[in-house]
Each structure stands twice: as C-alpha cells, then as structure tokens.
Amino acid sequence: GADAVLHFGTHGSLEFMPGKQMGMSETCYPDSLIGALPNLYYYAANNPSEATIAKRRGYAETISYLTPPAENAGLYKGLKELGELVGSYQQLRESSRGVQIVNAVIETARQCNLDKDVELPEGDASELDLDGRDGVVGAVYRQLMEIESRLLPCGLHTIGKPPTAEEAIATLVNIAALEREEDGLRSLPALLAESKGRTIADVYQGNDDGVLADVELNRVITETSRSAIGAMVKAVTGNDGRVTLRRNFGWFFNLLEQFGFKLPSPWLSACRTAGFPDVDQAELDKLFGYLQFCLEQVCADLEMQSLLKALDGEYVLPGPGGDPIRNPNVLPSGKNLHALDPQAIPTRAAVAAAKVVVDRLIERQKEEQGAWPETIACVLWGTDNIKTYGESLAQILWFIGVKPVPDSLGRVNKLELLSLEELGRPRIDVVVNCSGVFRDLFINQMALIDQGVKMAAEADEPLEMNFVRKHAQEQAAKEGISLRDAATRVFSNASGSYSSNVNLAVENSTWEEENELQEMYLSRKTFAFNADNPGEMNQKREVFESVMKTADVTFQNLDSAEISLTDVSHYFDSDPTKLIQGLRDDGKAPSSYIADTTTANAQVRSLSETIRLDSRTKLLNPKWYEGMLNSGYEGVREVAKRLNFTLGWSATSGAVDNFVYEEANDTFINDPEMRKRLMELNPHSFRRIVGTLLEVNGRGYWETSDENIQQLQEIYQEIEDRIEGVSEG
Ligand code: BEZ
Ligand code: MG
C-alpha cells in the first residue's frame, strides 16, 4: 500500500541485486521488486558514482545531501604542546635557550610518535648548529601543520540543516586555495605568496622540505586566508560588517567613492593587517565575489524542500555530484545527482595534476629503493574519477607513458605513445584493479587503458626502458600466448559483482588466517578486460598473479577530504599489499603509497604515513570523537567503525603502528569517564570497540600490557551482562 519508497544513505539494497547493469528488464531483481513505485533516494552529494547506479538499476530520483561541515583537525595533547614549543623556538632560536627548546621539541616529538614521520637526531641538540636546529624544528613544524590544517567532517549531517556561515569557513578556505583557471580566478594562497615576491609552488616546496621560514610563511598564509574569509563571512552575516553596511547605506558609500575615498573591503583589510599590504586588490575582490557566492550555496537549504517537491511529483533540479571544494557547482545540496560524460575524462587539467603526483611517487620510490619501480598495482574507483575528472585514470596513462588525445568534441577515445625521450624514464608497468563501480561507469576508459598497455607492450624499445614490454614478453614466452594477450593489465570483478568482500569478512570477524582474505581478493577481482574482445570479462587469475608478483608498489589516489582511508571499509577492501607480498618470489612487501590530492599542495605519502595522519586527525583527535559523540548513539557507532577499519588495514597491509591501538585504548578504555559515556550512549557499539581491541591483540596486530588486556576482558564481560540485563535486577 505504499505510494513511494524513501531510501536514506548510500549503498542501497536494490542496486546491488542480480540483474543487468542498465536497461533493466522485468526479470532483473531491481525492476521486479520496485515495480512502478517512485523511489526517492537521499544520496550523499559526494557519491555520484553509486548514485548513478541507483538511478540506472533502481530508477531512483536522488536528492543530494551534504556531508557535515568541515573543520580543521587542530592540535591536541602532546601535539599542542609541541606547537607551543615550536612557537617559542621561533622567538628564541638565536638565544641561549634555543638548544634547550630543540631538545624539548625532540623529546616531545618522540612521545607523540612523530619519529616515524620525521628524522629526529639521536644526540643532544647542542651538537647541531643553528641551521641544523632550524632543520629539526622545521621538519617537526611541517608535520604539525599538516595535522592541524587537515579537514574533518565533524559530527554527522542532519537532513535539512545546512551549515551556518561560521561553520562554512573551513570549506571556503579550501575552495579559495585552488586555482580556477577556467573561471579566471586566482588562488588566495598564491595571491598572498606573490605579494611577497614568491610563487606558492615555491613556498609549498620549501614547506615540504621542512625549511623553517617557509613552513612559517605557509602557516601565516593559511592563517591569513582563514581571517580574510572569516572577515567576509562576518561582513555578510554580521551587523557591523562592510557588506551589510553597504547594503543599507549604499548611497553613502557611493558618495564617498565619488569623491575618491575608497574604503578597503574587510578581506583586504584582513590581508593587510596580517602582513600582506601589497596583495593584488583587483584579483582579491574577484575571488571574494566568488567566495560570497559559494557561501550562499553552502548555506542554502534545499534538502527538505526537494523531498517535499518530489513527494508532490514535482521536478527536482539536477546537479553534478562530487567534491564541493573542487567543484562548488555541487552546491547547494538537495539536487538530483548526475555524474559526468564518461568520455570527457581525463580532462587536460586532470592530466596535468596526475603528472605531478606520479612524478613525485616515482622519484620517492627511486630515492628510497635505489631503482625505478617496475610495476605499480593501482586501484581505480568511479567516485574519485568523477570528482577529479579522471585524475587517477590519467595517473595510470602517465605511468605507462601514453597521452590521451581528445577529438574535436573533447571526447577521449584515442591515445598516443609518448617517446622515451619525452618521458625521460622507463615505462612503468601497471596492474589496474578497477572497482565494480568503475567497471559499470567507465567501461570505455577500461578499454583506453588496455589499449595503452598493449601499445606500450608492442613498442620496440630496450627492455630496461619498457617494463610493460619486458613483463609481457616474459609472460608470453612462458605461457605460449601472444604478446597482446600477455599484456593484460585491467582487472575487476565479474559482471554484477562488487568488492573483494574482504570488508565483510573483517567487519564480521569471519576469518582465521590472512591468506583467506587474500584468496577472496584473488577469486573475486581477477576478471580481465580485453579491448580486443570487450563484450566479456573472463577470469584470468594466472595472468593477474604473474604480473602482481612483479609489483614493487601499490598505489591509490585520495580525492576529497570527507572520506579517507579509515572512514569506509572499501579502501582496505581493495588493498593488495600483503597479497603481493605473498605472491612475490622474494617475499618482500611492496612500498605502498597513497596520493592525496585533496588540497592545493598535493602529497604522495606512504600508506603507513597516511594511516597515522588519519588516526591522529580522526580516531585519536578529541575534536573528531567529541563531534561524533555529540551525535549520540550513532556517534559511538562511528568511533567503533573507524577502529574496526583500522584493524582491516592491519590485516591487509600491516601498515598500522602499535601506538594507534595503544592510544585508542588510552582514549576510549582507560578513561573511566569516557567508558561511562560510551556505555550509556550505545552499549552495543562500545562492546564492538572493546571487542575490536581484543581482536587486534589476539591477531598479533597490537602488543600491549597484560593489565590492559585483562581490563578489556573484564569490561567486555560487564557490557555483555549489562546488555543481557543481568546486572539490572
Ligand atoms: C567507486 O566509486 O568506485 C566505489 C564506490 C564505493 C565503494 C568502492 C568503490
Ligand atoms: Mg557506500
């Protein structure tokens, strides 16, 4: 008797049921289940790929909702102390106190486990000269700033409750940090740097190298962006700001200007007082005009209105899904999501951005391992390619040294082999692990990669300069197959199947040995795409294994601030780190890298660096967990999920440091107040937290004291009793 179905969240039931990928018939489950019922579906604005499948397979009318307002992670506990020490060092670095402070910096950095991210000197700081001391402090400072400025969605989003203007500031700061050439807009950090005679790329480089003065300048630029945007927000919303004033007393301002008095805008004043008197005023005003528009879009409230419209059978305005920071046209939320023309990617901008990241990755690997990587195992997702217009797709093409060539309408269906001279390095082989979602949305792009790999394999070049050819030739000879067949590098699930199911096994603890997880991956994700026969995907497990064996690197791209490695179970689900280690003849673990293109200063970090950054900014960060716990019952579930997904990373990659679990135990178990809160808010999820800690210890991923384990066991029993109602009588 229902008149409509209303779905919430992402990942619905209908779109992953048996049946065709598109063009449903009545024998397909989604079609026969939904019949003629309207399917209204609230979908996260940042998940256009799954939303597209919901529309194709479940006939959904989607209504986008926002992720919670983002905040900067900030600093806490030891990290905060460390920030203060760095501050005093900058005041006193040349005085007699300098050495002492550096010693304190080193000691505190060790306590915060930053020695995993920064090389700290063994001896006393008095053995270092001023440059050496600046170097140590600069490197620590850079790490701190990276943590501090990371964006976090705080708490959970409530439908129909847009962020306040104040809550929109962190998002706007990140919107302002990107160059928008196509809109003729400069980035705010670039304008500030240029007013000091520097380029922002140069400042970022110095920052990344830990040059103290550049880390400081980068921080001041970030702070100034925050205060200038804060001033704009205040002006638009507050009572005393210039913009509201101008609205009410426009005639007066016009009169002043007629007589040659121009009052500086609040954002210009903010930049000037922060030490950037020469910032380009015209460019600044243009940018802030755009930011005011973005502010209105972030705070607009259409989510509920659109639902009511849809229930009335009215039209809901469509709009692109994606990352609101990269593409503010995603805003306002409350729109019927669409993705993009799959043939439009990768765009020129995506190709340029991909090159930077790939070059950094290859350089880092060469520096650390002393040789070029021969094979990179990559993961390709639909969502991030939609959000970035094909950055990760372009990364793969750049590894193998082919260039996408758009036709006159901008459709990318052709490739050109770059010469080895243009490339300046060997062609690097790839194994491309496509998500089921990517396969559904981007089959043409799978064909493009396959063509590119085959072009590279067929290029008559020296084998030490062409690892694609090298591996394909070896394989062809060994298995007696053609070179083209041996050059099979694009894999996914069988049609209609998604994910490796490693996430389900981890979430339900239904596995004993790690190799069971690896077997799941191998049995589900080794279906090969072949552009010579694009109609079918056949399982080619031997080819997959024999090329995965040669992988020295695993790689995935993180595309937006809202979802990172421990936020969803799908990231570790597609991680092949230990799988490769098991396949390799030398049993060596590959280097695992994660590119982070979520901010203007793109980074390539190792997997364990990324997990540490994630843990420090989320699970272990009071700002994050307090934000979650403020959402009550559901918030405890979010904490429990992050911890369980961290276990997932231990299981698939071993890239989780002991301190992450130790500090999680300190934060959520050792503090009696916290225990009480968790128990009261959500005993079931609290039991899951305790259970996960016992599990990571039991599986050998966390070494800790016997007292800690005993305490966990007692608490587990206590919660069981409480849930069963034993102690209530
Ligand atoms: C994707 O967009 O490819 C994707 C979405 C959800 C889970 C895994 C992959
Ligand atoms: Mg999902």
Side-chain angles (χ1 to χ4, degrees), residues 7 9-17 21-22 41 43-58 60 62 64 67 320-323 326-327 330 337-340 342 345-346 350 377-396 432-446 449 490-507 520-521 524-525 527 529 537 554-560 562-576 594-595 597-598 641 645 648-649 652:
H7 271 116
T10 62
H11 235 41
S13 36
L14 281 171
E15 58 268 29
F16 296 106
M17 295 222 137
Q21 299 313 309
M22 58 183 95
Y41 203 159
Y43 231 98
N46 65 2
N47 196 352
S49 67
E50 287 186 315
T52 301
I53 296 174
K55 292 167 81 157
R56 283 185 188 167
R57 306 198 73 215
T62 59
S64 65
T67 43
D323 173 20
R326 280 172 193 274
N327 182 8
V330 165
L337 289 168
H338 62 73
L340 43 70
I345 69 164
C378 313
V379 177
L380 265 191
W381 279 15
T383 315
D384 77 317
N385 279 288
I386 295 173
K387 288 185 202 166
T388 64
Y389 292 87
E391 258 176 43
S392 34
L393 170 63
Q395 286 163 356
I396 290 169
V432 187
N433 302 293
C434 301
S435 73
V437 173
F438 186 91
R439 173 209 58 210
D440 288 353
L441 300 183
F442 290 113
I443 200 83
N444 288 342
Q445 284 62 25
M446 285 169 78
I449 300 170
V490 186
F491 297 88
S492 186
N493 297 74
S495 170
S497 142
Y498 302 83
S499 112
S500 69
N501 282 352
V502 167
N503 56 354
L504 294 181
V506 166
E507 287 175 77
M520 283 181 197
Y521 193 111
R524 290 176 60 86
K525 297 210 64 91
F527 289 77
F529 178 86
M537 305 258 307
T554 73
F555 176 56
Q556 183 164 7
N557 199 44
L558 281 184
D559 58 274
S560 68
E562 308 127 352
I563 301 184
S564 185
L565 293 187
T566 54
D567 292 319
V568 293
S569 61
H570 310 83
Y571 280 111
F572 71 80
D573 180 80
S574 46
D575 169 59
I594 300 288
T597 58
T598 66
K641 267 181 10 193
F645 299 162
W649 282 108
T652 64

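Every number for a ligand or one of its atoms is a count from 1 in the order of the listing.
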Next on the checklist: I'd like to know if the side chain of Lys55 reaches the main chain of Leu337, judged simply by a donor and an acceptor atom lying under 3.5 Å from each other, with no hydrogens or angles considered.
Outcome noted: yes
Checklist entry - Which atoms from ligand 1 have a heavy atom of Gly382 less than 4.0 Å away? => result 1 (C), 2 (O), 3 (O)
Checklist entry - Which ligand 1 atoms does His570 reach within 4.0 Å, using its non-hydrogen atoms? => result 7 (C), 8 (C)
Next on the checklist: Looking at Ser392 and Leu380, would you say the former's side chain and the latter's main chain have a donor-acceptor pair under 3.5 Å?
Outcome noted: no
Checklist entry - Parallel under 30°, tilted from 30 to 60°, perpendicular over 60°: which one fits the rings of Trp381 and Tyr571? => result parallel
Checklist entry - With a cut-off of 4.0 Å, which atoms of ligand 1 are near a heavy atom of Ser435? => result 1 (C), 3 (O), 9 (C)
Checklist entry - Would Ile449 and Leu393 satisfy side chain to side chain contact (heavy atoms under 4.5 Å, CB included), going step by step from the backbone distance to the final call? => result CA-CA 8 Å; Ile449 300 170; Leu393 170 63; 3.6 Å; yes
Item to check | For Ser49, the ligand 1 atoms whose distance to one of its heavy atoms is below 4.0 Å | outcome: 1 (C), 2 (O)
Checklist entry - If you measure from atom 6 (C) of ligand 1 to every heavy atom of Glu50, Arg439, Lys387, which option wins on shortest distance? => result Glu50
Item to check | The one among Val568, Ile53, Thr383 that brings a heavy atom closest to atom 5 (C) of ligand 1 | outcome: Thr383
Checklist entry - Taking the side chain from Arg439 and the backbone from Ser497, do they hold a donor-acceptor pair closer than 3.5 Å? => result yes
Checklist entry - Looking at ligand 1, does any of its N/O atoms fall within less than 3.5 Å of an N/O of Leu380? => result no
Next on the checklist: I want to know if ligand 1 touches Trp381 in the polar sense, i.e. an N/O pair below 3.5 angstrom.
Outcome noted: no
Checklist outcome for this item: The single option from Ser49, Ser435, Ser560 that satisfies side chain to side chain donor-acceptor pair (under 3.5 Å) with Thr383 is Ser49
